[in-house]
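Since the structure comes first, as structure tokens, the remarks are kept for the end.
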Amino acid sequence: TTQWKITGLKELGQLLEDLPMELRRGVVRRALRKAASLVEADAKRRVPILKPRLVKGRAQLDPRRTPGTLLNAIRVGGAFAPTGGQEVIVKVGVRRLTKKAVAAFKAGSGKAGALNPDDPFYARFVEYGTSKTPVQAFMRPALESQGFAVVERFRDEFKRGMDETAKKLFLHKGRVASGA
């Protein structure tokens, strides 16, 4: 897993101190998710799509896989604070099927969950390769190519979110003051 940690944003922390915790987290979460969407979009452009292979001169799709499964599974994960503290994490990756979806497949087909053509469990084999298949990385290059753009998008979205929050607080305080 490739991760980036952005440090040195002391001014940002001081600015956030003036806001209630929920407002701070909301602004940061939205900005992180929007910034991470750049990596998501780039990974979706890079991910290999299953193509038919020639078997005895005829093009055939692997019946165990559905074309576009990896593409459709690339998502920005929820932004959260793992310890309830100041740190907020957002993840971009391939979302696996839920346990409920795996159980439904098993119950409906009578087959093992690994045979589900819509399960993107094999994403790591594509990203890192195996002894029999070449590396076809799509997540790591997306993160590497979008790194600076992510920081810029975060900055812009954070500023926009802070401006919107400040306007709402000002309007709310203005109404309360005028109604008193």
Side-chain angles (χ1 to χ4, degrees), residues 1-9 25 28-56 58-158:
T1 305
T2 304
Q3 295 183 359
W4 280 39
K5 185 172 185 173
I6 300 170
T7 58
L9 301 175
R25 282 197 182 146
V28 171
R29 283 181 179 146
R30 281 188 295 279
L32 278 173
R33 289 181 64 83
K34 287 184 179 185
S37 70
L38 294 172
V39 176
E40 175 189 26
D42 196 336
K44 285 183 174 188
R45 283 190 295 273
R46 294 171 185 270
V47 70
I49 305 295
L50 180 67
K51 293 181 177 67
R53 58 188 168 128
L54 288 177
V55 177
K56 296 182 183 176
R58 298 182 67 198
Q60 288 184 341
L61 279 174
D62 185 340
R64 300 169 300 163
R65 300 289 160 250
T66 302
T69 297
L70 286 180
L71 174 73
N72 296 327
I74 297 172
R75 297 271 193 279
V76 173
F80 61 94
T83 61
Q86 296 291 341
E87 185 178 58
V88 179
I89 294 173
V90 65
K91 296 181 179 184
V92 181
V94 176
R95 182 171 289 165
R96 299 275 312 264
L97 290 180
T98 63
K99 289 180 182 180
K100 186 176 179 179
V102 171
F105 174 78
K106 286 180 181 179
S109 68
K111 298 178 182 178
L115 297 176
N116 186 338
D118 297 320
D119 189 350
F121 76 91
Y122 57 92
R124 66 180 166 268
F125 306 134
V126 175
E127 180 76 15
Y128 297 104
T130 68
S131 62
K132 295 180 181 179
T133 60
V135 171
Q136 296 180 67
F138 56 97
M139 292 301 299
R140 291 173 294 153
L143 178 60
E144 290 167 4
S145 73
Q146 296 300 316
F148 292 110
V150 166
V151 173
E152 289 177 7
R153 169 75 67 87
F154 174 77
R155 183 195 64 220
D156 294 345
E157 292 297 334
F158 178 77

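Looking at Leu50 and Thr69, their side chains never come closer than 4.5 Å, going by heavy atoms from C-beta outward. With contacts defined as side-chain heavy-atom distances shorter than 4.5 Å, the pair Leu70/Tyr122 qualifies. Within the 4.5 Å cutoff, the side chain of Leu97 has heavy atoms near those of the Pro120 side chain.
A donor-acceptor pair under 3.5 Å is formed between the side chain of Glu127 and the backbone N or O of Phe138. In this structure, Thr98 contributes its side chain and Ala101 its backbone to a donor-acceptor pair below 3.5 Å. No donor-acceptor pair closer than 3.5 Å links the side chain of Arg153 to the backbone N or O of Leu32.
Annotation for Met139 and Ile74: closest pair SD-CG2, 4.4 Å, computed over non-hydrogen atoms. For the pair Pro67 and Ile49, the tightest heavy-atom approach, listed with the atom from each and the gap, is CB-CG2, 4.4 Å. Closest approach of Phe154 to Val28, counting heavy atoms only: CE1-O, 4.0 Å.
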- Would Glu152 and Leu38 satisfy side chain to side chain contact (heavy atoms under 4.5 Å, CB included), going step by step from the backbone distance to the final call? CA-CA 11 Å; Glu152 289 177 7; Leu38 294 172; over 6 Å; no
Checklist line | Check against side chain to side chain contact (heavy atoms under 4.5 Å, CB included), Val150 and Val39 | finding: CA-CA 8 Å; Val150 166; Val39 176; 3.6 Å; yes
- Task: Tell me, with the steps shown, if Tyr128 and Arg140 meet side chain to side chain contact (heavy atoms under 4.5 Å, CB included).
- Result: CA-CA 10 Å; Tyr128 297 104; Arg140 291 173 294 153; 3.6 Å; yes
Criterion side chain to side chain contact (heavy atoms under 4.5 Å, CB included) on Val90 and Val76, from CA distance to verdict | CA-CA 7 Å; Val90 65; Val76 173; 3.6 Å; yes
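Counting only residues at least two apart or on different chains, the salt bridge (charged side-chain N to carboxylate O under 4.0 Å, His left out) pairs with a member in residues 93-116 are Arg96-Asp119. For residues 40-55, the pairs satisfying salt bridge (charged side-chain N to carboxylate O under 4.0 Å, His left out) are Glu40-Lys44, Asp42-Arg46, with sequence neighbours left out.
Atom CZ of Arg30 is separated from atom CZ of Phe158 by 11.0 Å, given to the nearest 0.5 angstrom.
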